[in-house]
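All values derive from a computational prediction rather than experimental measurement.
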Amino acid sequence: MKILMVITELGPGGAERIVCELSKNLLKKGHSVTVVSIAQPPDTDVIPRQLTQAGIPVRYLNGTRRDLKLFSKLRKMILQEKPDVIHAHLIHANLLCRVAAAGTRIPLVDTIHIAEKRKNRQWYFLLDALTQHLADVHTAVSHAAAEFHEKHCFMKPGSIRVIYNASDTVDPASPETLQAVSANFKLEEFDRVIGSIGRLDYQKGYDWFLERAGFLSRIIPSGQKWAVLIFGEGPERAALTELADRAEHSYRNLKIFLPGYRPDAASLM
């Protein structure tokens with residue numbers, strides 16, 4: 001089977017990683033897979049590099065929010081690739097694929113990865129409601145995301161099939177790696193380390209956490225110093241860095257690190 005995976009972008013995010021792992025395992029099962037990114041190549045190319053190393057072609061539409069030619073670009077690619085199935089991921093790709101693939105008779109599966117709670121997204125839900133009949137199967141990665149989307153897009157409860165994300169087992173980091181990370185951040189100076197891995201984006205709520213650093217500081221036992229280590233990259237980096245700096249200056253018993261993306265971060269847990 002020839003499968004066309006379409007996603008909004010290919011930066012180091014959760015949905016992007018799922019597309020990468022799903023594509024590689026479909027390839028192992030004997031299927032042909034091509035991955036299409038609506039956006040241009042990301043600054044951090046770990047996901048595209050993993051795909052190409054596995055032998056999976058990656059195509060970019062180099063689209064922007066006001067690019068009115070995106071529909072025709074994607075439709076042209078669909079007609080060129082002639083896939084047996086199209087699998088779209090995230091709301092932008094879902095909407096684009098529904099319109100671009102209309103009339104081709106190619107089965108379309110779309111997947112909701114998040115409950116879209118950012119402000120001023122009503123028009124997304126309206127467009128989704130108007131075009132949902134153009135997709136053959138609707139899926140979501142959790143019941144919460146499915147129920148949220150059904151409610152906001154005027155869908156009947158149970159319209160979206162829930163298929164949980166899968167992941168290979170992550171082996172723990174070696175003692176040598178842990179020692180190197182500890183030395184790099186001087187973690188031996190801290191009594192406790194709070195760790196997190198996630199995209200530095202609005203949906204993750206890191207701003208809520210850092211804005212409440214004062215509460216965390218007050219519950220740290222007297223004489224102790226704690227560290228917060230957040231691995232990840234994303235559009236909120238500048239704002240979160242400012243919040244982290246402000247917290248450090250205000251609360252001397254707390255140190256916050258934002259070291260960026262690290263491919264083996266999960267193994268450090």
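In this structure, K151 does not pair ionically with E147, as no charged nitrogen and carboxylate oxygen lie closer than 4.0 Å. For D201 and R199, the salt-bridge test passes: some basic side-chain N is under 4.0 Å from an acidic carboxylate O. For the pair R98 and D110, the salt-bridge criterion is met [side-chain N within less than 4.0 Å of a carboxylate O]. K2 and E81 are joined by a salt bridge, as a carboxylate oxygen and a charged side-chain nitrogen come within less than 4.0 angstrom of each other.
In this pair, F257 and F190 present their aromatic rings perpendicular. The plane angle is above 60°, beyond the 30 to 60° band. Using cut-offs of 30° and 60° for the angle between ring planes, the Y164 and H143 rings count as perpendicular.
At most 12 non-hydrogen atoms from other residues, nucleotides or ligands lie less than 6.0 angstrom from CG of L68. More than 12 heavy atoms of other residues, nucleotides or ligands shown are found within 6.0 angstrom of CD on E248.
F215 and F209 fall within a single hydrophobic cluster, where Ile, Leu, Val, Met, Phe, Trp and Tyr side chains are chained together by heavy-atom contacts under 4.5 Å. A chain of hydrophobic side-chain contacts below 4.5 Å, direct or via other Ile, Leu, Val, Met, Phe, Trp or Tyr residues, connects V35 to M1.
For Y124 and H152, the side-chain atoms include no donor-acceptor pair closer than 3.5 Å.
A heavy-atom distance below 4.5 Å is found between the side chains of L243 and R246.
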Can you check side-chain hydrogen bond (donor to acceptor under 3.5 Å, both in side chains) on H87 and T111, steps first, answer last?
CA-CA 8 Å; H87 190 173; T111 298; 2.7 Å; yes

